[in-house]
Each structure stands twice: as structure tokens, then as C-alpha cells.
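The next block holds one structure in the form of C-alpha cells; read it before the comments.
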There are 2 protein chains.
Amino acid sequence: MVIKTGFVGKYQHNLDDKNRVSLPAKIKKYIEEVASSPEFGGRIMLTKGPDNCIEGFMVGDWQTMAEKVKTNMSFKRNPEDEELEEIAMNADQVTIDKSGRIMINAELKKHAELGKSAVFVGAIDRFRIWNPDKLAEKYNGR
Amino acid sequence: MVIKTGFVGKYQHNLDDKNRVSLPAKIKKYIEEVASSPEFGGRIMLTKGPDNCIEGFMVGDWQTMAEKVKTNMSFKRNPEDEELEEIAMNADQVTIDKSGRIMINAELKKHAELGKSAVFVGAIDRFRIWNPDKLAEKYNGR
DNA sequence: GTAGAAAAGTGGGATAAAGTGGCAGATTAG
DNA sequence: CTAATCTGCCACTTTATCCCACTTTTCTAC
């Protein structure tokens with residue numbers, strides 16, 4: 001039985017010129033332990049988060065959200081689904097490469113105003129990726 | 001068991017002069033993973049969607065939705081029936097060719113006011129195809 | 001603590017895949 | 001039979017991924 005502590009901690013990493021960034025070892029390890037099933041091919045769902053951050057989920061958690069829409073599927077949309085639709089529109093499913101990195105696409109990079117440096121922040125059921133300055137601004141002095 | 005994340009993301013692609021357009025790799029991959037049954041020969045159902053967009057479904061999902069409509073059908077007509085008829089009337093079942101492209105017929109192209117550029121938008125149980133300007137207009141600034 | 005080993009993180013070149021456009025043969029309609 | 005359209009194929013460009021080398025950090029044993 002795996003102990004599910006969730007994502008915790010704060011880690012600064014660099015983007016390379018191909019917009020790749022290493023997942024912090026502890027975040028990567030947690031993902032691999034919890035979601036080690038064969039159908040999980042090291043996949044992560046990235047979305048636009050609040051305050052210019054990027055949020056990362058494990059695909060299993062995303063699936064739970066998506067199932068809600070699928071079970072009520074019809075030609076016409078429910079208004080409640082539209083919110084999730086907009087999240088889906090701005091989401092990106094990325095894979096963890098052989099070096100333990102993920103790619104941040106142009107739109108997400110712009111949303112988070114990322115330059116070369118990015119900070120990963122654990123938030124239990126998700127992790128967030130911040131521009132270091134934006135993060136400091138938000139949690140100033142705390 | 002495959003993790004069903006649904007359709008996600010946003011991808012700009014070009015129509016060629018024969019109104020063919022490549023399916024985004026991630027959308028295509030998802031279709032192939034989830035709908036890998038032999039009777040599904042890489043087929044997609046395209047319909048006129050809301051706000052000038054085109055909606056794309058996997059044929060299996062289309063069938064499920066159509067069955068639902070049939071079981072609720074009554075002898076008396078109601079406004080929703082007509083709406084659904086119109087959707088069915090304007091639907092087009094397209095196949096994915098060997099280069100991973102689908103063809104947008106003239107009527108759907110006109111409905112979406114497509115020019116050379118089209119944006120695919122993931123919406124969990126379906127994907128949508130938009131004129132880039134129309135899409136920006138609808139989700140302006142978000 | 002320190003030394004050596006292992007793991008994590010970074011960068012860049014090589015390879016593979018995705019996306020695009022054009023041409024040519026096949027198919028269909030008139 | 002001819003013209004128009006559809007489909008497959010190929011070539012090329014761009015982008016993503018793999019793979020290896022190297023540096024830095026963390027871990028382990030003494």
C-alpha cells in the first residue's frame with residue numbers, strides 16, 4: 001500500500017530552449033508510485049490555473065472530472081458543462097519523457113508568463129507552476 | 001483499460017485547397033486509443049454546432065446519443081425533435097485518411113465560416129472546429 | 001565530516017513524428 | 001467519354017522526442 005501524501009514542497013527548475021522542464025524528483029516519484037498502472041504512460045494534464053499559474057493533475061483525477069460530462073452526454077450541452085469545457089480547451093495532456101521532463105506549450109507558457117525559470121509548488125491533489133516573481137508577489141512575506 | 005481523458009487542447013491547422021485538414025495528433029491518438037474496435041474504421045461524425053462551430057464526435061458516441069433520442073421519440077412532435085432532425089440532416093460521416101486528415105464538406109465549411117485556418121478545440125466528449133477569429137470573439141480575453 | 005557513488009537536473013545534437021502542399025491515379029457524375 | 005472530385009502518395013518543413021554527455025546535488029559508508 002502506497003502512502004498518499006499528495007504533492008508537497010517548492011522546487012525551482014529551468015526551462016530549456018525547447019520549453020522542456022524537469023519534474024522535481026519528489027513530484028515525479030509521487031506520480032510514479034500512485035499512478036503506476038500500465039495504462040498510465042507517465043501522463044499529466046496541465047491546465048491554466050488562477051493568478052497566472054499552471055496547474056498539473058494526474059490523468060486519473062482528470063478522468064474523474066471528464067466522466068461527469070461523458071455520462072450525461074447528449075447533442076445539447078448542459079450549462080454546467082461549459083465551465084469544464086473551457087478548462088478542457090486550455091488544457092494540454094503531456095507525457096513525461098525519458099529524462100523526466102515535460103514540455104510546456106506556448107499558450108500555457110504565456111499564461112504563466114514564464115521565462116527561463118519556473119517554480120513547482122505542491123498543492124496536495126495538484127501541483128502548480130509559477131513564474132518565480134509572480135509567486136513571490138502573491139505570497140509576499142508569508 | 002485506457003484512461004479516458006476526453007478531447008482536450010486547442011490546435012490551429014490549415015485546410016488545403018481540397019478542404020482537407022489534419023487532425024491534431026493528440027486528438028487522433030485519443031480516438032485511436034479509445035475507439036479501437038474493428039467496426040470503427042477511423043470514422044468521425046461532423047455536425048453543425050452552436051455559434052458557427054463544427055462539432056466532431058466518435059461514431060460510437062454518436063450512435064449512443066441517437067439511440068437515446070429514438071427511445072424518447074413520441075408521435076407528437078416537439079420543438080426539440082426538430083432541432084435534432086436538423087442536426088442529423090446536416091451531419092456528415094467522414095473518414096480519417098492515410099495521412100490523418102478529414103475532409104470538411106462545403107456546407108459545414110460555410111456554416112463555420114472557415115477560410116484557410118481552422119482551430120480544433122477539445123470539449124471532452126467532442127471536439128469543435130472554429131474559425132480562429134470567431135473563437136477569439138467568443139472567448140475574448142479569457 | 002569526507003570521499004565516493006548514485007541520482008537529479010541541464011543542454012545539445014540526432015532521430016522520429018507531425019503537419020503541409022502538390023501531383024497523379026481512381027472514382028463518380030453527367 | 002469527359003470533367004470534376006476524391007484519395008493516396010510522396011516530398012519537404014517544422015516540431016517533438018530520444019539519447020547521450022556533462023554538471024550539480026544528494027545519499028551512503030566509513
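Throughout, protein chains are lettered first and strands after them, A, B, ... in sequence-line order, and every chain is numbered starting at 1.
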Any side-chain heavy atom of B:Pro50 sitting closer than 4.5 Å to one from A:Lys76?
-> no
Could you state the atom-to-atom distance from CG of A:Asp16 to P of D:dT15 in whole Å?
-> 16 Å
Report yes if at least one side-chain N or O of A:Lys116 is closer than 4.0 Å to OP1 or OP2 of C:dT10; otherwise report no.
-> no
Side-chain donor-acceptor contact under 3.5 Å, A:Asn131 with A:Glu113 | no
To the nearest Å, how far apart are A:Asp17 CG and D:dA16 P?
-> 12 Å
Over how many whole Å does the gap from B:Ile102 atom CD1 to D:dT7 atom P extend?
-> 12 Å
d(CD, A:Gln93; P, D:dA16) in whole Å = 15 Å
So which of B:Asp17, B:Asn14, B:Asp16 actually passes side-chain contact (heavy atoms from CB on, under 4.5 Å) with B:Lys116?
-> B:Asn14
Can you tell me how far P of C:dT20 sits from CZ of B:Phe120, to the nearest Å?
-> 9 Å
Residue met sooner reading DNA chain D from 5', once A:Asp97 and B:Met103 are mapped to nucleotides | B:Met103
Sugar-phosphate, base or nothing in reach of A:Lys29, heavy atoms under 4.0 Å = sugar-phosphate
Side-chain donor/acceptor contact of B:Arg20 with base of C:dG21 under 3.5 Å | no
Between atom CD1 in B:Ile96 and atom C1' in D:dG8, what is the gap in whole Å?
-> 16 Å
Does a side-chain N or O from A:Lys98 land closer than 4.0 Å to OP1 or OP2 of C:dG9, or not?
-> no
Heavy-atom donor-acceptor pair, A:Lys18 side-chain to C:dG13 base, under 3.5 Å | yes
NA contact type, B:Leu23, heavy-atom cut-off 4.0 Å: base, sugar-phosphate, or nothing?
-> sugar-phosphate
Give the ring-plane orientation class for A:Tyr30 versus A:Phe7, where under 30° counts as parallel, over 60° as perpendicular and anything between as tilted.
-> perpendicular
How long is the line joining OH of A:Tyr11 and C1' of C:dA8, in whole Å?
-> 13 Å
Where each residue is assigned the nucleotide of DNA chain D containing its nearest heavy atom, which of A:Arg101 and B:Arg101 is assigned the position nearer the 5′ end?
-> B:Arg101
Considering all heavy atoms of both residues, which atom of B:Ile54 and which atom of B:Ile104 are nearest to each other, and what is their separation?
-> CD1-CG2, 3.8 Å
Nearest-Å distance, NZ (A:Lys26) to C1' (D:dT25)?
-> 12 Å
